[in-house]
There are 2 protein chains.
Amino acid sequence: MPVNDDTAGVIKSADRLFQIVETLKDLDGATVTELSDHLDLPPSTTHRYLKTLHQQGYVDKRNGEYHLGLKFLDIGGYVRHSKPVRREIKPTVRELAQETNEAASFIMEHRGLGVFVYRETSESGVNTEVRLGKRSSLHLSSGGKAILANLPEERIEDILDHHGLPQKTTQSIQDREELLTELEEIRERGYAIARSEHTDGVNSVGAPVRLSDGTVLGAITIVGPAFRMQGERLTEELPPLLLGKINEFVLNFSHS
Amino acid sequence: MPVNDDTAGVIKSADRLFQIVETLKDLDGATVTELSDHLDLPPSTTHRYLKTLHQQGYVDKRNGEYHLGLKFLDIGGYVRHSKPVRREIKPTVRELAQETNEAASFIMEHRGLGVFVYRETSESGVNTEVRLGKRSSLHLSSGGKAILANLPEERIEDILDHHGLPQKTTQSIQDREELLTELEEIRERGYAIARSEHTDGVNSVGAPVRLSDGTVLGAITIVGPAFRMQGERLTEELPPLLLGKINEFVLNFSHS
DNA sequence: ATTTTAGATTCCGTTTTGTGGAATTGAATC
DNA sequence: GATTCAATTCCACAAAACGGAATCTAAAAT
C-alpha cells in the first residue's frame with residue numbers, strides 16, 4: 001500500500017478536519033470523548049474542531065452527540081447534479097432498467113474505487129439498497145471490472161497495489177493474475193460479467209462508457225437476482241442490448 | 001443581519017477551507033486565480049488549500065480547473081440516508097404523492113432555511129426539478145410557513161432578522177407583520193397554503209410534522225399546478241388528507 | 001523557432017494560529 | 001447535596017499557516 005509522500009505543503013488542520021468528518025460518518029455520530037479516543041486527540045482539540053464545524057453548519061449537535069449536518073446534503077446534491085455526465089446518462093440507464101425489468105446503474109471510478117452515481121430500479125428489479133455515492137472495490141462488480149479493464153496498465157497496477165483485492169463473497173476474485181487475465185478478456189469482449197462476486201445471489205453485466213477520445217467515463221451495469229440473470233440471457237441477450245444503448249449514448253454525448 | 005460574534009476559539013483555516021469549497025460550488029469550478037480573486041487571498045495560499053483538498057479527494061483537477069469531487073457525493077449520500085427521519089418519512093410522502101397524483105415532499109429547517117430532504121413525484125405531478133438538499137427561505141413555501149409557525153417565537157424573530165424576506169414572485173410575502181399574522185392562522189388551522197409564492201403557477205399545502213414532545217421535525221407538502229390546486233380541493237380536500245397521513249406517521253414514529 | 005506573458009506552483013523567513021494540559025463549568029447519578 | 005464524568009474554556013508555547021517573491025510551465029504572440 002504505497003501512499004503518496006506528498007504530505008508536504010499541505011494544511012494539517014484541514015486533514016484533521018476531514019478525519020473528524022469521516023469518523024463522524026463512520027461512527028454515525030459521536031460525542032467529543034468518543035471522537036478523541038478514536039482519533040487519539042486531546043478532547044480540547046477535538047472540541048475545537050467540532051465547534052468550528054458546528055458554527056459552519058456542517059455538523060449538528062443533538063443532545064451531546066455530534067452528527068454530520070444537512071449542509072453536506074447540499075454540497076452532495078450539487079456534485080451529483082453538476083456532473084453533466086449524470087444528467088446525460090440518466091435516460092440511458094432508465095431505459096435499460098425498463099427494457100430488462102432489472103435494476104441498472106451507472107458507476108464512475110474515483111481514486112481507485114467505484115462510486116455509484118446513478119441507479120434506476122424497475123418494478124421487479126432487485127433493490128440492493130445501494131446508496132448513491134457508495135464506494136467499493138472495482139474488482140467486485142461487473143461495472144468495476146469493465147472500468148478497470150479500460151484504464152492504462154500502469155493505472156491498474158497502482159490501483160491494485162493500493163487497494164488490494166478485498167473479498168466480499170466466496171466468489172470474489174482473489175488472485176491478481178486471474179483478475180488480469182479476466183480484464184484482458186473483458187477488453188476483447190467489450191463487457192464484463194460478475195456472478196455473486198459482490199453479493200451472493202446477485203449477478204450483473206457491465207460495460208464501459210468510453211468517449212471517442214478513449215476516456216472512460218464510467219460503466220453501466222444491469223443487475224439482477226442470479227435465478228433470472230443466467231444462461232443465455234446473461235451471456236447472449238443482455239450484453240448486446242447494453243452495448244447498443246451505451247453506443248447510442250456516446251454518439252449523442254459527443255456532439256453536444 | 002446580526003451575525004454571531006462567536007468567532008472565538010474557532011479554527012480559522014477550517015473556515016477558509018469551507019469558504020473555498022463553497023465558492024468552488026458557486027462558481028461551478030474555478031482556477032487558482034479566479035478563486036484567489038474572489039476570496040481576496042494570495043494565490044499561494046489558495047493553492048495550498050486546493051492542494052490539500054485535492055489530496056484528500058474532495059476536489060478534482062481537470063485541465064487547470066478545480067472542481068468539487070465525488071467524495072462529497074459520498075458524504076451527502078450518507079447524510080441523506082443516515083437521517084432516521086428520512087427512512088421513516090419516505091412511505092408517507094410516497095403515499096401522499098400517489099393518492100393525490102401530485103408531487104409531495106418533505107422539508108426540514110436548518111439554520112433558518114428550508115432544506116429539501118425527500119421528494120416523490122407521481123406521473124402527473126409537477127416536476128419542479130428541485131434538487132435534494134436545496135435550500136430556500138421558509139416564508140416562500142407552505143411547508144416552510146408550517147415549520148416557521150411552529151417554532152418558538154424568539155427563534156422566528158431571529159430567523160427573520162437574519163434572512164429577511166427575499167422575494168421570488170409578485171405573490172411572495174413581503175411584509176413581516178402580514179407574515180406573522182398568517183403564521184398565527186397557520187398555528188390554529190394546523191396547515192399552510194401557498195399560492196404562487198415561490199414559483200408562479202405552482203400552489204401547495206403544507207403541514208408540520210410534530211413529535212409528541214412538541215419538536216418540529218419538518219413539514220410535508222403537496223405541490224401542484226395552480227389550475228389543479230385550487231378551490232375546494234386546495235382548501236377542503238387536501239388539508240385533512242395531509243394532516244391524517246402525518247398524524248398516522250407520528251403515531252408510528254414515536255413508539256419505535 | 002524564439003520570445004513573451006499569464007498563471008500555477010514552490011520556497012522560506014516571519015508571525016499568526018492551532019495546540020493540548022490544566023482549570024472550569026454543567027449535568028447527570030448516587 | 002455531594003460526587004463523578006464529560007463538555008467546554010483558557011492560556012503560554014511551539015508549530016504551522018501565511019504570503020511575498022522566486023521559479024516553473026505552457027500557451028500565445030512574434
Side-chain angles (χ1 to χ4, degrees), chain A residues 3-69 213 215, chain B residues 3-69 111 213-215:
Chain A
V3 168
N4 283 353
D5 44 349
D6 291 318
T7 34
V10 132
I11 292 165
K12 221 171 187 174
S13 25
D15 283 353
R16 277 198 176 165
L17 188 90
F18 287 122
Q19 257 184 54
I20 290 190
V21 168
E22 284 163 25
T23 310
L24 226 36
K25 170 177 159 237
D26 293 340
L27 300 180
D28 206 23
T31 66
V32 175
T33 322
E34 284 169 342
L35 269 175
S36 59
D37 285 352
H38 259 264
L39 299 172
D40 204 29
L41 279 178
S44 52
T45 303
T46 311
H47 178 261
R48 188 150 7 91
Y49 279 92
L50 288 171
K51 189 178 172 185
T52 309
L53 248 1
H54 178 61
Q55 197 200 262
Q56 291 276 351
Y58 286 96
V59 149
D60 287 342
K61 205 191 329 185
R62 288 205 297 273
N63 48 269
E65 277 221 323
Y66 288 89
H67 291 264
L68 294 188
D213 65 354
T215 331
Chain B
V3 169
N4 283 353
D5 45 350
D6 291 318
T7 34
V10 130
I11 293 166
K12 218 170 189 173
S13 22
D15 283 352
R16 277 197 175 166
L17 190 89
F18 287 122
Q19 256 185 54
I20 290 190
V21 168
E22 285 164 23
T23 310
L24 226 36
K25 173 178 157 238
D26 292 341
L27 300 181
D28 205 23
T31 65
V32 175
T33 322
E34 283 170 342
L35 270 175
S36 60
D37 285 352
H38 259 264
L39 299 171
D40 203 26
L41 278 178
S44 53
T45 302
T46 310
H47 178 261
R48 189 152 4 94
Y49 279 92
L50 288 171
K51 190 178 172 185
T52 308
L53 248 1
H54 178 61
Q55 197 200 261
Q56 292 276 353
Y58 286 96
V59 149
D60 288 341
K61 203 190 334 183
R62 287 204 297 273
N63 47 270
E65 277 220 324
Y66 289 88
H67 291 265
L68 294 187
R111 313 250 155 176
D213 65 354
T215 332

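In what follows, every heavy atom counts, from backbone to side chain, and hydrogens, waters and symmetry copies are set aside. Numbered from 1 within each chain, the chains take letters A, B, ... in sequence-line order.
Between the CG atom of B:L50 and the C1' atom of C:dT9 there is a distance of 12 Å, given to the nearest Å. Taking atom CG of residue B:D15 and atom C1' of nucleotide D:dC18, one finds them 16 Å apart after rounding to whole Å. The separation between A:I11 atom CD1 and C:dT17 atom P is 13 Å, rounded to whole Å. The nearest whole Å value for the distance from the CD1 atom in B:I20 to the P atom in D:dA17 is 13 Å. As a whole-Å value, the separation of B:D37 CG from C:dA6 P is 14 Å. Across the protein-nucleic acid pair, A:E65 atom CD and C:dA28 atom C1' stand 16 Å apart, rounded to whole Å. Counting to the nearest Å, the P atom of D:dT8 and the CG atom of A:L53 are 14 Å from each other. Between the NZ atom of A:K51 and the P atom of C:dT19 there is a distance of 14 Å, rounded to whole Å.
The shortest distance between the side-chain N/O atoms of A:Y49 and the OP1/OP2 oxygens of C:dT19 is below 4.0 Å. Distances shown here put a side-chain N or O of B:R16 below 4.0 Å from the OP1 or OP2 atom of D:dC18. Considering only side-chain N and O atoms, B:H47 lies nowhere under 4.0 angstrom from the phosphate OP1 or OP2 of C:dA8. In this structure, B:Y66 does not reach the C:dG7 phosphate: none of its side-chain N or O atoms is under 4.0 Å from OP1 or OP2. Checking the phosphate oxygens (OP1, OP2) of C:dA8, a side-chain nitrogen or oxygen of B:T31 falls inside 4.0 Å. Applying the 4.0 Å criterion to OP1 and OP2 of D:dC18, one finds that B:R48 has a side-chain N or O inside that range. For the pair B:K61 and C:dA8, the criterion of a side-chain N or O lying under 4.0 Å from OP1 or OP2 is not met. Distances shorter than 4.0 Å separate none of the side-chain N or O atoms of A:T45 from OP1 or OP2 on C:dT19. In terms of phosphate contacts, B:K12 brings no side-chain nitrogen or oxygen within less than 4.0 Å of OP1 or OP2 of D:dC18.
Nucleic acid contact for B:S13: sugar-phosphate only, since backbone atoms but no base atoms lie under 4.0 Å from a heavy atom of the residue.
Annotation for A:H54: atom NE2 counts as buried by contact number, over 12 foreign heavy atoms lying within 6.0 Å.
Between B:F18 and A:Y58, the ring planes lie parallel to each other; the angle is under 30°, not in the 30° to 60° tilted range.
In this structure, CG on B:L50 lies 11.0 Å from OG1 on B:T45, to the nearest 0.5 angstrom. To the nearest 0.5 Å, atoms CG (A:D37) and OG1 (A:T23) are separated by 12.0 Å. We find the OG1-CG distance between A:T31 and A:L35 to be 7.0 Å, quoted to the nearest 0.5 Å.
The residue among A:P43 and B:S44 whose nearest nucleotide of DNA chain D is located toward the 5' end is A:P43.
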